[in-house]
Amino acid sequence: MPDTVLAAEPPATIDALDTPALVIDLDRVERNLRRCQDYADAHGLALRPHIKTHKIPEFAHRQVALGARGITCQKLGEAEVMADAGISDILITYNIVGEAKLARLAALARRCAIRTVADSAEVAEGLSAAMRAAGLTLPVLVECDTGAHRCGVATPEAAAALAARIDSLRGLRFLGLMTYPAYGGTEAVSAWIAAALAACRARGLAVEVVSSGGTPDLMRAHEVAGVTEHRPGTYIYNDRSLVARGACAWEDCALAILATVVSRPASDRAIIDAGSKSLSSDLFGLEGYGHIVEYPAATVFALSEEHGNLRIPPGTQGPRIGERVTVIPNHACVVSNLHDFAYGLRGGKVERTYAIAARGRTQ
Ligand SMILES: Cc1ncc(COP(=O)(O)O)c(C=O)c1O
């Protein structure tokens, strides 16, 4: 049986790429990374980019080379891939629960600088037991729910109480506070964190790091009380959701799916060869599943797994069968997770192939 070499040698021209293909505009990536690093530098903030968006070690290295303090991963499996690729300073922003994962965490902490979060005494105690057994000390941040209502302690006083608990546990070092803020919530986040800092101070606890995150309010990151670092993820590519929120322009969107029109079943519809397995079915609060660059008035109104259903506005021609279109997805992070490879484009050419090495690392 012949070996299947998945896109090891990319075709030289964009036209020769078969579809659906995940493509990355490398000049835009570089511009997005630099803009954010310049902002962080100007405000004295450490940048710790979240790699959940790209999952590509080469881009993590580029972020560090431009000045990032380290990286952030959501899952242990992502962190293992990044450590294997030589990234040496990693924050895992996820409660690590269960013996199997705690053993992997200890193994990881032996080979690079790892820090993580906890939002309960149970999680902290699990971390402490694993670190004691391994003879290590793990820096831990208290995850705070400042309004996004995912994980996180619910009040500033609870944050200080958990900080004190972590401080008392062998194998752990209380490092600071971490939050993933709700979009548009900068003032509320700041007030919450200010209260938590005061509560920690009242208990005599030093807070070394205040870590916030996200791209939509990125340029207001410095307004959060006591903030020392920011964790943007999507900023590397941007996406349709960020354009909708006014956080960037279409020209800042670096990630797209190249698709081919395979059917024109009616004058007001076109079918492309990218469905939910390429674009994801994440609406992210928007109408439609993506933005067609060449036909901005068209809408991707429905998806099945391998078909994207486009509505062509009345009185317009729309694409012909065989024509290629470029789709900017609603949510870049989930799209990265669907593809093994991405093609890096520059100057109208395919420069190289990237393996999306941490895709699928959901454990
Ligand atoms: C904990 C955490 N930090 C940072 C980020 C990055 O956010 P964004 O993709 O908006 O930049 C995320 C994204 O989900 C996150 O969950």
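We're numbering straight along the sequence, starting at 1. Predicted model only: the values in this text are computed from it and were never measured. As the structure lists them, so they are numbered: ligands from 1, and atoms in each ligand from 1.
- Within the 4.5 Å cutoff, the side chain of Leu141 has heavy atoms near those of the Leu91 side chain.
- Scanning the protein heavy atoms around atom 5 (C) of ligand 1, the nearest turns out to be Tyr180 CE1, 3.5 Å.
- The closest protein non-hydrogen atom to atom 4 (C) of ligand 1 is Arg231 O, 3.2 Å.
- Residue Pro216 places no N or O, backbone or side chain, under 3.5 Å from any N or O of ligand 1.
- In summary, of the residues considered (Arg104, Arg361, Lys55, Lys52), a salt bridge (charged side-chain N to carboxylate O under 4.0 Å, His left out) with Glu78 occurs for Lys55 alone.
- For ligand 1, the polar-atom distance check against Tyr235 finds no nitrogen or oxygen pair separated by under 3.5 Å.
- Scanning the protein heavy atoms around atom 10 (O) of ligand 1, the nearest turns out to be Thr215 N, 3.0 Å.
- Remark: His291 pairs with Trp250 by the ring pair (Phe, Tyr, Trp, His ring centres under 6.0 Å) rule, at least two apart or across chains.
- Only side-chain heavy atoms of Arg150 come within less than 4.0 Å of ligand 1; its backbone N, CA, C and O stay farther off.
- Regarding atom 14 (O) of ligand 1, its nearest protein heavy-atom neighbour is Lys52 NZ, 3.0 Å.
- Within the 6.0 Å centre-distance limit, the rings of His222 and Tyr39 are counted as a close aromatic pair.
- Looking at atom 9 (O) of ligand 1, its nearest protein heavy atom turns out to be Thr234 OG1, 2.5 Å.
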